[in-house]
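Here's the structure we're looking at; comments come further down.
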There are 2 protein chains.
Amino acid sequence: MTKADDFDLQAFLPYLLNQAAEEASLGFQKVYKDRYGLLRSEWRVLFHLGIFGRLTATEIGAKGKVHKTKVSRAVQRLADRRLVKRARSEEDRRVEWLELTPAGEKVYRDLREVAQAYEGRLLAQLNEAEVQVLKCMLLKLAGRS
Amino acid sequence: MTKADDFDLQAFLPYLLNQAAEEASLGFQKVYKDRYGLLRSEWRVLFHLGIFGRLTATEIGAKGKVHKTKVSRAVQRLADRRLVKRARSEEDRRVEWLELTPAGEKVYRDLREVAQAYEGRLLAQLNEAEVQVLKCMLLKLAGRS
DNA sequence: TGGTAATAGTTGATTTTGTAACTAACAAGC
DNA sequence: GCTTGTTAGTTACAAAATCAACTATTACCA
């Protein structure tokens, strides 16, 4: 006997979003993990620095909605591997300015290209107009607009 | 000096999907966590059993794309709390049939209502047509269609 | 000043997840 | 029957995430 319950789990937005997000992350994750041994939080920090140039840990946390302990540990590992340079601020000695080293820049530029190509393949499944709608709605749901 | 890098992280699909998924999960998570002390993998197992009635751990894993160790541990905790009943199959003594206990049913029905109401609030931000497009595309990206 | 609160970032303890190895039961071929 | 391979599910160990407490520094204000 099969239960007759009409709740559609596949269509439940939080569930569906998670499935799509996981699936969409896989291909890119494979690259930053296999090629550079990075974690999710680490490529995110790397990208923030690649895009914005010089930030504090707190700024990265705010921009990316990442908890400060995650940022702290990501920065630690990136600095250990000489991909990120830390410099204590002179004005406020609690603050540490972070930026990519040349090696970090190189990794960033490589991964940025991979990201762009990968996203291209993902979006190839959809048409132009759909992509616009999709991204706009995701931004709304993410509370970014 | 601010770097001039035009890569838009907010618009990078895997990143954006993750942000939206996390944000969209928060409100529901709060309920199943605070009210019943459940983890994400646990409510998923619970819902699968609520919807489909009687399944094996392997079936749940296949339907929900969840690794068997996660299912195993979720079932263990749910069984400890008498929300799920396990019964060794007679035909094949490797498999275990899982179903909700009356207490599990009760939790499921409560959470299902919460889920429906919560999704309603989420979708209120968007219009009817947008929702159709969104879900359809997420299904595609999730590899479900 | 001096005292309290706030902020930047780190560390430690606990929980949760991921990977791989494992046990037990069945299946198939000889 | 016996061997080999497969499947269901668990367990052990390592990796990672989470939460709270902590240090150091600055800000506020009586």
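Residue numbers begin at 1 in each chain, while the letters A, B, ... track the order of the sequences.
Within residues 60-79 of chain B, the residues having any heavy atom under 4.0 Å from DNA chain D are, by residue number, B:K68, B:T69, B:S72, B:R73, B:Q76.
Toward the 5′ end of DNA chain C lies the nearest nucleotide of A:R86, the other residue of the pair A:R86 and B:D92 mapping further downstream. Position along DNA chain C of the nearest nucleotide to A:E59 versus B:E91 favours A:E59 as the more 5'-ward residue.
Salt bridge status for B:K135 with B:E119: present, with a side-chain N to carboxylate O gap under 4.0 Å. Between B:R86 and B:E96, at least one side-chain nitrogen of the basic residue sits less than 4.0 Å from a carboxylate oxygen of the acidic one, meeting the salt-bridge criterion. Between B:E105 and B:K85 no salt bridge is recorded (no basic side-chain N to carboxylate O distance below 4.0 Å).
The CD-C1' distance, from B:Q29 to D:dT18, rounds to 11 Å in whole Å. Atom-to-atom, CZ of B:R93 to C1' of C:dT23 comes out at 14 Å; the value is rounded to the nearest Å. To the nearest angstrom, P of C:dT16 lies 17 Å from CH2 of B:W43. In this structure, A:E22 places its CD atom 11 Å from P of C:dT17, rounding to the nearest Å.
Minimum atom distance to the side chain of B:V95 is reached by D:dG9, of the listed C:dT10, D:dG9, D:dT25. With distances taken from any side-chain atom of A:L39 to the nucleotides D:dA17, D:dG9, C:dG9, the minimum falls on D:dA17.
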Throw together a table of side-chain donor-acceptor distances under 3.5 angstrom for residues 61-69 of chain B, partners on residues two or more places apart or in other chains.
| unit_1 | atom_1 | unit_2 | atom_2 | d |
| --- | --- | --- | --- | --- |
| B:K65 | NZ | B:A142 | O | 3.0 |
| B:H67 | ND1 | B:T69 | N | 3.2 |
| B:H67 | ND1 | B:T69 | OG1 | 3.2 |

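No donor-acceptor distance shorter than 3.5 angstrom exists from the side chain of A:Q76 to the backbone of A:R73, with no hydrogens or angles considered. No donor-acceptor pair under 3.5 Å is formed between the side chain of B:Y32 and the backbone N or O of B:G37.
One N or O donor and one acceptor, one from the side chain of B:R94 and one from the base of D:dT7, sit under 3.5 Å apart.
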